[in-house]
K.L.:
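This structure is in structure tokens; I'll ask about it shortly.
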Amino acid sequence: MESTLRRTWSEINLDVLKNNYEIIKKKIGDNVKFLGVVKADAYGHGSINVAKTLEEAGADYLAVSSIDEAMELRLNDIRMPILILGHTPKEQVSRLIEYNITQAVTCKAKAVEYSEEAVRIGKTLKIHIKVDTGMSRLGYLCEGNFFDTGVKGICEALNMQGLYAEGIFTHFAVADEEGEEDLEYTMHQYKLFTDVCREVERISGRRFEIKHCANTGAVARFPETYLDMVRPGLLLYGYGPYAKQMGLKPVMTLKTTVSTIKIYPEGTHISYGGIYVTDKTTRVGVLPYGYADGFLRSLSNKCSLMTADGPARVCGKICMDMCMIDITDMMNVEVGSEIEIFGEKNSIDELSAIAGTIPYELTCAVSKRVPRKYIKDGKIIEQELMLRM
Ligand SMILES: *Cc1c(COP(=O)(O)O)cnc(C)c1O
């Protein structure tokens, strides 16, 4: 369904995505597989079109956080391997197998459940073992005194019927932090992970096909951690300092238009709470973009959006459906003019820093009433309205 409004929309440039993929692929080399992280609807970019682009470009694997996200891809003809990073209830094991979806196994209790279910239906579930090396979230705990029990637990899972452990992985907690201690922490996590892999392979006498750990920070900074496969998300979408350093471009541009222009005298209170008072005769543009579209209200009065005449300050509180900008002296900005909320001209990195958050949160926050335009080979190939009509 196409949007009939020219209100606020995102442009998802699949050519940029493909180019980002190719730059990263060149960096990691031919011997390292590429897993594209497409959880959370591909960080708000639309997982189906992102997955199709990656599949065509030659990526090896995808990762999502739940079986619903995996099924969305399978039911839309994505054939490549998909890894579920999060938990799947054991009742869903037959569906995982039927749709050839790989499941992360994070502890003994899960391994037992999945094994029992797989045996019950007489089939084999493909799994990747998750090791907790310091993220302190999911995975077999292997730190310090837990090394032997962790290794033992993983070896047990390898011997369970109905499970085939294709891979093993861990997740870095501070690979994108610049401090000396952060560097040490990541290197410690990496060493622990490779120690666990080596010990499990020694005891079990078998080798994992795919060992992986490198997220965005590690892909950009630590080639020694690539192992068999890398697992970037943010980098692929072209955000953050490493994307910039590597010449990657933002895949999403979020745009809105000026719906109304007003001229207010000095001393006018603008928007809820009246926190912004004009200090001169002020030309104000009203934009149909508010916190229900994903504009964080904490950015009220703090940031600028990009017009054809340069950055325009957001004035006063951001409302649910609208916000206001100061366009005094920006005479090229008229009713209907396009405004870039974030993209190549208005950096999402700066916007998220002002909001005290990270780019991930801003792209994930774009809400379902914001339609997407997908661009491929320089042309709009699809307009996607997420509302149910
Ligand atoms: C989200 C996630 C990634 C990707 O992280 P980025 O920082 O976006 O590269 C990789 N691995 C796991 C386990 C994740 O949950």
Side-chain angles (χ1 to χ4, degrees), residues 17 20-21 23-25 27-28 32-45 47 50-51 54 59-67 69-70 81-88 101-107 110 127-142 166-178 182 185-186 189-190 193 210-223 225-246 248 250-252 348-349 352 357-365:
L17 178 71
N20 288 353
Y21 165 82
I23 292 171
I24 301 171
K25 182 64 196 162
K27 181 171 168 72
I28 66 173
V32 177
K33 290 179 193 292
F34 188 108
L35 176 151
V37 180
V38 297
K39 65 192 181 196
D41 207 14
Y43 293 36
H45 295 68
S47 65
V50 167
L54 293 176
D60 302 280
Y61 234 107
L62 298 170
V64 295
S65 70
S66 70
I67 188 169
E69 291 182 338
I82 300 175
L83 171 64
I84 297 180
L85 300 166
H87 170 61
T88 301
I101 297 166
T102 311
Q103 174 60 46
V105 168
T106 56
C107 64
K110 295 272 157 49
I127 62 166
H128 283 204
I129 302 278
K130 176 83 183 271
V131 186
D132 183 352
T133 55
M135 176 68 185
S136 309
R137 194 171 66 178
L138 295 178
Y140 285 85
L141 186 55
C142 291
E166 175 193 48
I168 185 164
F169 70 113
T170 194
H171 192 43
F172 293 135
V174 292
D176 56 353
E177 303 281 345
E178 298 284 342
D182 300 313
Y185 198 92
T186 302
Q189 280 197 274
Y190 178 68
F193 179 58
I210 314 178
K211 305 186 192 85
H212 52 109
C213 57
N215 56 2
T216 284
V219 172
R221 302 169 71 201
F222 309 124
T225 66
Y226 292 171
L227 298 173
D228 302 311
M229 181 161 80
V230 297
R231 230 172 44 228
L234 195 76
L235 194 66
L236 182 60
Y237 303 110
Y239 312 117
Y242 306 121
K244 211 169 182 180
Q245 286 163 23
M246 288 173 62
L248 308 173
V251 172
M252 185 191 302
I348 194 171
D349 300 339
S352 57
T357 185
I358 49 180
Y360 305 73
E361 198 180 355
L362 294 192
T363 62
C364 288

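Small disclaimer: the values here were computed from a predicted structure and weren't measured. Sequence positions, counted from 1, serve as the residue numbers for this chain. Indexing begins at 1, ligand by ligand and atom by atom, following the structure's order.
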K.L.:
Under a plain distance cut-off of 3.5 Å, with no hydrogens placed, do Tyr239 and Ser352 share a side-chain donor-acceptor pair?
P.N.:
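On atom types as modelled, these side chains do not qualify, holding no pair under 3.5 Å.
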K.L.:
Please identify each residue that fulfils ring pair (Phe, Tyr, Trp, His ring centres under 6.0 Å) with Tyr43, with sequence neighbours left out.
P.N.:
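Tyr43: ring pair (Phe, Tyr, Trp, His ring centres under 6.0 Å) contacts with Tyr237, Tyr360.
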K.L.:
Give me each pair satisfying salt bridge (charged side-chain N to carboxylate O under 4.0 Å, His left out) with a member in residues 227-246, each pair once, sequence neighbours excluded.
P.N.:
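Non-adjacent pairs meeting salt bridge (charged side-chain N to carboxylate O under 4.0 Å, His left out): zero.
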K.L.:
Which heavy atom in Pro232 sits nearest to a heavy atom in Val219, and how many Å separate them?
P.N.:
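For Pro232 and Val219, the tightest heavy-atom pair comes out as CB-CG2, 4.2 Å.
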K.L.:
Taking a 3.5 Å cut-off between nitrogen or oxygen atoms, can you list every pair linking ligand 1 to the protein, with distances?
P.N.:
from, atom 1, to, atom 2, distance (Å)
ligand 1, 7 (O), Tyr360, OH, 2.6
ligand 1, 8 (O), Tyr43, OH, 2.6
ligand 1, 8 (O), Leu234, N, 2.8
ligand 1, 9 (O), Thr216, N, 2.9
ligand 1, 9 (O), Thr216, OG1, 2.5
ligand 1, 9 (O), Gly233, N, 2.9
ligand 1, 11 (N), His171, ND1, 3.4
ligand 1, 11 (N), Arg231, NE, 2.9
ligand 1, 11 (N), Arg231, NH2, 3.1
ligand 1, 15 (O), Lys39, NZ, 2.7

K.L.:
Under the rule for ring pair (Phe, Tyr, Trp, His ring centres under 6.0 Å), what residues qualify as partners of Phe222, not counting sequence neighbours?
P.N.:
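Scan of Phe222 (ring pair (Phe, Tyr, Trp, His ring centres under 6.0 Å), adjacent residues dropped) gives none.
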K.L.:
Taking the side chain as everything from C-beta on, heavy atoms only, tell me whether Ile168 gets closer than 4.5 Å to Phe193.
P.N.:
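Yes. Closest side-chain heavy atoms under 4.5 Å.
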